[in-house]
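Proteins come first, then strands; the chains are lettered A, B, ... in the order of their sequence lines, and each starts at number 1.
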Amino acid sequence: MSNRRVRVRFAPSPTGPLHIGGVRTALFNYFFAKRHGGDFLLRIEDTDSQRFVPGAEEYINEALRWCGIKIDEGVAEGGKYAPYRQSERRAIYKQYADQLVASGNAYYAFDTSESLDELRKEAEAKGNAFTYNYENRNRMVTSLTLSQEEVQTRISKGEKWVIRFKMPENEEVKMHDLIRGDVVVNTSTLDDKVLFKSSDMLPTYHLANITDDHLMEISHVIRGEEWLPSFPLHVLLYKALGWTENMPQFAHLPLLLKPAGNGKLSKRDGDKMGFPVFPLLWKSPEGETSHGYREDGYFPEAFVNLLALLGWNPGTEQEIFSMDELIQQFSFEHVNKSGARFDPVKAKWFNHQYLVQKSNTELAELYQQFLISEKNITAEPAKVERIVGLMKERVNFIHEIWEKSAFFFGKPTSYDAASVQKFWKADTAAIMKEVIVVLDNINQFEAHQIEEKLITFINEKGYGMGKVMNALRLILIGISNGPGVADICEIIGKEETIERINRAIESI
RNA sequence: GGUCUGUUCAUCUAAGGGUUAGGAUUCAAGAUUUUCAUUCUUGCCAUAGGGGUUCGAAUCCCCUACAGACUACCA
């Protein structure tokens with residue numbers, strides 16, 4: 001088993017956009033597979049015909065691609081074990097359900113969902129829960145209680161049926177989890193799960209999942225903690241099918257929790273708290289849209305990095321990781337057992353780190369694209385590069401450069417009242433008129449020159465740096481904080497600088 | 001209700017029986033700066049509670065509390 005090729009799968013169901021918890025699961029699978037030179041497969045678990053959402057599968061593919069995950073085998077990529085979409089594998093499953101019935105590990109049940117609902121309600125009224133298990137199954141309409149002929153006629157008459165697992169009574173199931181260690185559960189606390197349904201002739205998650213993992217030679221199942229309760233069922237299914245020999249190893253990842261309050265992260269949290277819970281923008285078939293990290297301006301590397309550190313740590317103090325480093329350093333020993341609360345504030349910090357790391361040239365290209373597509377502005381590359389260099393330390397996102405420095409591309413439309421109060425004194429207009437003269441006399445209108453001339457002027461007149469510079473900045477950009485005054489002057493140019501000063505003298 | 005899992009600063013986490021319980025984010029203060037940001041320095045803040053075991057417990061065991069997941073002909 002130890003020298004078995006590592007093969008992992010990410011197996012989402014296309015019931016909507018993949019959320020960041022799912023992305024993290026995919027990432028951990030990917031890290032682990034690549035760490036051990038193995039394969040990463042994407043399998044689409046669409047055995048619930050009721051909940052299928054158009055576009056969800058494309059979304060999943062695009063999200064993984066954006067994160068930098070390379071799929072070795074999958075719906076689009078193909079592979080030796082194709083097809084990778086469960087709805088296209090429907091012919092495969094029935095025989096295994098039959099096998100379980102034949103070996104006495106499963107049985108046909110003819111209950112209607114209405115009658116089951118009723119039983120549940122009755123039990124609830126008495127203060128307990130109805131469990132379809134060893135205690136109750138003999139009272140139900142099943143192949144256990146009916147004669148073989150009767151079962152056959154009911155089936156051939158087209159009566160609806162399901163195949164249920166016959167959960168053994170009072171057996172200890174011992175399981176090993178790579179993250180949590182040994183877990184033991186008594187089968188009497190478990191129920192007879194539905195494995196196959198006649199309504200759409202498809203298996204449920206449990207059967208499909210075990211069958212495909214076995215057939216696809218999956219070596220490690222890495223999934224969310226929400227699957228822990230069905231772990232014993234899965235172990236029992238492997239046993240009943242005679243596949244214990246090469247059953248995969250299991251690892252149940254801790255959950256991603258809400259930033260505040262209780263419970264696991266859900267779609268609503270993002271909308272409420274103003275951060276995305278989805279990797280990409282999502283438009284539901286009903287027309288509802290949800291924010292995505294990509295569209296909100298996150299770099300994929302930052303997104304991957306921040307997700308990797310939720311529930312895993314390197315055991316060192318390193319916080320910034322490339323995909324390769326993540327792959328090299330990942331191990332289950334450093335995966336936490338407890339749920340991790342998502343922190344939107346730190347998410348921004350990660351993006352800032354990546355933004356600052358990028359070269360001005362690279363950033364300029366990105367900002368250039370933003371200017372063209374969002375603002376319809378075509379700017380000189382040199383000017384854009386200058387701007388991003390000045391702004392990068394002050395922002396977390398590319399779009400924030402615009403939000404904080406649109407003044408490089410247009411005159412201020414108003415002057416911040418509090419700053420005017422603070423920096424615009426009785427003699428300011430007069431001083432600014434002198435400043436215009438100083439600036440006008442600079443031949444090489446470049447930051448160094450401008451700063452030098454301005455400082456000499458201020459010193460000669462004895463005005464005080466703050467007094468002049470702060471007022472000048474207010475005039476040029478409308479607010480009191482931003483890049484150095486000389487830099488601003490250079491970027492907008494002599495003519496524009498003087499024009500803005502004149503305008504301010506007249507209008508303030 | 002039942003089953004399972006978990007619990008270290010506000011948040012992400014380190015410390016695998018012996019450290020003043022470390023780092024990061026946030027927040028606060030100071031220095032630097034023409035403002036802001038950066039940078040630097042500093043500060044605040046934690047082992048859920050109670051019992052054991054041990055010379056010694058965040059770490060091992062038990063109980064309690066709290067939290068989460070699951071409990072569908074969903075995945």
Q: Is the distance from OP1 or OP2 of C73(B) to the nearest side-chain N or O of R120(A) less than 4.0 Å?
A: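 R120(A) to C73(B) OP1/OP2: side-chain N or O found under 4.0 Å.
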
Q: Does a side chain donor of either H448(A) or E452(A) reach within less than 3.5 Å of an acceptor in the other side chain?
A: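 There is no such pair between these side chains.
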
Q: What is the separation between atom NZ on K121(A) and atom C1' on A72(B), rounded to the nearest whole Å?
A: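 Value for this atom pair: 14 Å.
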
Q: With a cut-off of less than 4.0 Å, is there a side-chain N or O of N336(A) near OP1 or OP2 of A14(B)?
A: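 N336(A) to A14(B) OP1/OP2: side-chain N or O found under 4.0 Å.
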
Q: At under 4.0 Å between heavy atoms, which parts of nucleotides 63-69 of chain B does protein reach? Answer with one letter per nucleotide, 5' to 3': B base, S sugar-phosphate only, - none.
A: ----SSS

Q: Toward the 5' end of RNA chain B, which comes first, S198(A) or Q353(A), by nearest nucleotide?
A: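 Residue closer to the 5' terminus by nearest nucleotide: Q353(A).
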
Q: Measure the distance from CZ on F196(A) to C1' on C74(B) and round it to the nearest whole Å.
A: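 Value for this atom pair: 16 Å.
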
Q: Would you indicate what V485(A) reaches in the nucleic acid, counting non-hydrogen atoms under 4.0 angstrom: base, sugar-phosphate, or nothing?
A: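 Result for V485(A) = base.
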
Q: Counting only Watson-Crick or G-U wobble pairs whose two distances fall under 3.5 Å, which nucleotide matches U59(B)?
A: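 Its partner is none (no Watson-Crick or G-U wobble pair with both distances under 3.5 Å).
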
Q: Please determine whether any donor N or O and acceptor N or O are separated by less than 3.5 Å between the side chain of R51(A) and the base of C74(B).
A: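 Flag set: donor-acceptor pair detected.
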
Q: Roughly how far apart, to the nearest Å, are G18(B) and A57(B) at atom P?
A: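 Straight-line distance between the two P atoms is 11 Å.
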
Q: Would you mind pulling out the nucleotide paired to G30(B), Watson-Crick or G-U wobble, both distances under 3.5 Å?
A: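 Because both required distances fall under 3.5 Å, G30(B) counts as paired with C40(B).
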
Q: Rounded to whole Å, how long is the line connecting atom CG of L119(A) with atom C1' of A72(B)?
A: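 About 14 Å, once rounded to whole Å.
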
Q: Just name whichever nucleotide pairs with U25(B), Watson-Crick or G-U, keeping both distances under 3.5 Å, else none.
A: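 Pairing partner: A10(B).
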
Q: Round to the nearest Å and state the distance from I44(A) atom CD1 to C74(B) atom C1'.
A: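 I44(A) atom CD1 is separated from C74(B) atom C1' by 16 Å.
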
Q: With both distances kept under 3.5 Å, what pairs with U3(B), Watson-Crick or G-U wobble?
A: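 Answer to the pairing question: A69(B), which forms a Watson-Crick or G-U pair with U3(B).
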
Q: Would R43(A) pass as a cation-pi partner of Y84(A), given that its NZ or CZ must be under 6.0 Å from the six-membered ring centre and within 45 degrees of the axis?
A: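 No, R43(A) does not lie over the aromatic ring of Y84(A).
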
Q: Look at all strands and tell whether R180(A) reaches a base, only sugar-phosphate, or nothing, counting heavy atoms closer than 4.0 Å.
A: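 Contact class for R180(A): sugar-phosphate only.
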
Q: Run the side-chain hydrogen bond (donor to acceptor under 3.5 Å, both in side chains) test against K160(A) and tell me which residues pass, sequence neighbours left out.
A: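 K160(A) satisfies side-chain hydrogen bond (donor to acceptor under 3.5 Å, both in side chains) with no residue once adjacent residues are dropped.
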
Q: Can a donor-acceptor pair be found between the side chains of S49(A) and D200(A) at a distance below 3.5 Å?
A: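 The answer is yes; a qualifying pair exists.
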
Q: Over all strands shown, is S113(A) touching base, sugar-phosphate only, or nothing at heavy-atom distances under 4.0 angstrom?
A: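 Base, at least one base atom sits under 4.0 Å.
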
Q: Give the nucleotide from the list C12(B), A75(B), G6(B) with an atom nearest to the side chain of K346(A).
A: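 That would be C12(B).
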
Q: Need to verify one output field. Residue with the more 5' nearest nucleotide on RNA chain B, A11(A) or V183(A)?
A: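 With A11(A) and V183(A) compared, the 5'-side residue is V183(A).
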
Q: Could you give the distance separating U42(B) and U25(B) at their P atoms, to the nearest angstrom?
A: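 Result for the P pair: 14 Å, nearest Å.
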
Q: Return yes if a side-chain donor-acceptor contact under 3.5 Å exists between Y107(A) and D192(A), otherwise no.
A: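 Yes.
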
Q: Have a look at V345(A) and say if it touches a base, only the backbone sugar-phosphate, or nothing, with a 4.0 Å heavy-atom cut-off.
A: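 Answer is sugar-phosphate: V345(A) comes under 4.0 Å of backbone atoms only.
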
Q: Any side-chain N or O of N470(A) under 4.0 Å from OP1/OP2 of U34(B)?
A: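 Negative; the distance criterion is not met.
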
Q: With C1' as the reference atom in both, quote the distance from C9(B) to A48(B) in angstrom, rounded to an integer.
A: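 The answer is 14 Å between these two C1' atoms.
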
Q: Is R137(A) close enough and on-axis enough to Y134(A), meaning under 6.0 Å and within 45°, for cation-pi?
A: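 The answer is no, since R137(A) fails at least one limit relative to Y134(A).
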
Q: Starting from C1' on A37(B), measure out to CD1 on I477(A) and report it in whole angstrom.
A: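 Value for this atom pair: 12 Å.
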
Q: Between atom CZ in F231(A) and atom P in C4(B), what is the gap in whole Å?
A: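 About 15 Å, once rounded to whole Å.
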
Q: Contact class for V468(A) vs. all strands (heavy atom < 4.0 Å): base, sugar-phosphate, or nothing?
A: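 Answer is nothing: V468(A) stays at 4.0 Å or more from every strand.
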
Q: Are the ring centres of F196(A) and Y96(A) closer than 6.0 Å?
A: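 Not close enough - the centres of the two rings lie 6.0 Å or further apart.
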
Q: Tell me what T15(A) touches on the nucleic acid: a base, only sugar-phosphate, or nothing, going by heavy atoms under 4.0 Å.
A: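 The answer is nothing, as T15(A) stays clear of every strand by at least 4.0 Å.
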
Q: Looking at C74(B), A15(B), G22(B), which one has an atom nearest to any side-chain atom of K197(A)?
A: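 Within the option list, the nearest is C74(B).
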
Q: Quick one: N133(A) CG to C70(B) P, roughly how many Å, whole number?
A: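 Interatomic distance, CG of N133(A) to P of C70(B): 21 Å.
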
Q: Determine whether F350(A) and F303(A) satisfy the following criterion, ring-ring contact (aromatic ring centres under 6.0 Å, His included), listing intermediate values before the conclusion.
A: CA-CA 8 Å; F350(A) 273 109; F303(A) 178 63; over 10 Å; no

Q: From the set U13(B), A24(B), U3(B), return the single nucleotide nearest to any side-chain atom of N313(A).
A: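 Closest nucleotide to the N313(A) side chain: U13(B).
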
Q: Suppose you measure atom C1' in A15(B) against the same atom in U59(B); what distance do you get, rounded to whole Å?
A: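 The answer is 9 Å between these two C1' atoms.
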
Q: Need one value for D48(A): base, sugar-phosphate or nothing, where a base atom within 4.0 Å counts as base even if backbone is also close, heavy atoms only.
A: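 Sugar-phosphate: the residue D48(A), judged by heavy atoms under 4.0 Å, touches backbone atoms but no base.
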
Q: Heavy-atom count around Q318(A) CD within 6.0 Å, excluding the residue itself: above 12?
A: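 Above 12, so yes.
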
Q: If you measure from the C1' atom in G6(B) to the same atom in A58(B), how many Å do you get, rounded?
A: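 Straight-line distance between the two C1' atoms is 15 Å.
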
Q: Which nucleotide, C73(B), G23(B), A24(B), lies nearest any side-chain atom of W349(A)?
A: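 Given the options C73(B), G23(B), A24(B), the side chain of W349(A) is closest to A24(B).
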
Q: Send over the distance from L309(A) CG to U11(B) C1', rounded to a whole Å.
A: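 Rounded to whole Å, this separation is 13 Å.
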
Q: With the side chain of V185(A) defined as its heavy atoms from C-beta on, choose the nearest nucleotide among U34(B), C4(B), G23(B).
A: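 Of U34(B), C4(B), G23(B), C4(B) is nearest to the side chain of V185(A).
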
Q: Between G49(B) and A10(B), how far apart are the P atoms? Round to whole Å, please.
A: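 Pairwise P distance, A10(B) against G49(B), rounds to 13 Å.
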
Q: Could you check whether P483(A) gets within reach of a base, just the sugar-phosphate, or nothing at all, counting any heavy atom under 4.0 Å?
A: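 The residue P483(A) makes base contact.
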
Q: Establish, from distance only, whether the side-chain atoms of Y132(A) and D111(A) form a donor-acceptor pair under 3.5 Å.
A: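 Yes, a side-chain donor-acceptor pair sits under 3.5 Å.
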
Q: Given the P atoms of A24(B) and U38(B), what is the spacing between them in whole Å?
A: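 Roughly 15 Å separates the two P atoms.
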
Q: Suppose you measure atom C1' in A46(B) against the same atom in U8(B); what distance do you get, rounded to whole Å?
A: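 That atom pair is separated by 6 Å.
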
Q: Under the 6.0 Å and 45° cation-pi test, does K348(A) pair with F275(A)?
A: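 Here K348(A) fails the 6.0 Å and 45° test against F275(A).
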
Q: Classify G311(A) by what it touches in the nucleic acid, base, sugar-phosphate, or nothing, heavy-atom distance under 4.0 Å.
A: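 It contacts sugar-phosphate atoms only.
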
Q: Which is true for T112(A) with a 4.0 Å heavy-atom rule: it touches a base, it touches only sugar-phosphate, or it touches nothing?
A: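 Contact class for T112(A): base.
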
